[in-house]
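Working notes for the structure below.
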Amino acid sequence: NGNYKARRRAKLLKTLLPQFGFEPERLRLTWIGASDGIQFADTIKELVKQIKPLGPNQAKLQMVI
């Protein structure tokens, strides 16, 4: 039941992120088992490759300035 709640919440959060200055691509929900360390590492590497071109989050920079 918790997985379904998490999926709904992630979907809602993706629609709300732009309102706060965050790109939806910065959020990903992936199901990975506790024993799937290799899959976890691959997923993180893929996410970093996707997010790195976006650069620093502009919302964070605006709050500092």
Check residues 31-39 and write down every donor-acceptor pair under 3.5 Å in which the side-chain atom is one partner and the other belongs to a residue at least two apart or another chain.
from  : atom 1 : to    : atom 2 : distance (Å)
Asp36 : OD2    : Gly33 : N      : 3.4

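- Counting only residues at least two apart or in different chains, salt bridge (Lys or Arg N to Asp or Glu O under 4.0 Å) contacts with residues 39-58 comprise Arg28-Glu46.
- Contact record, Pro53 with Val48: CD-O, 4.5 Å, taken as the closest heavy-atom pair.
- With sequence neighbours left out, Arg7 forms a salt bridge (Lys or Arg N to Asp or Glu O under 4.0 Å) with no residue at all.
- For the side chain to side chain donor-acceptor pair (under 3.5 Å) condition, no pair includes a residue of residues 11-22, sequence neighbours left out.
- Both Leu13 and Phe22 are part of a single hydrophobic cluster, where members link through side-chain heavy atoms under 4.5 Å apart.
- Note on Leu29: it does not cluster hydrophobically with Tyr4, by side-chain heavy-atom contacts below 4.5 Å among ILVMFWY residues.
- Every residue meeting the salt bridge (Lys or Arg N to Asp or Glu O under 4.0 Å) condition with Arg26, not counting sequence neighbours, appears here in chain and number order: Glu23.
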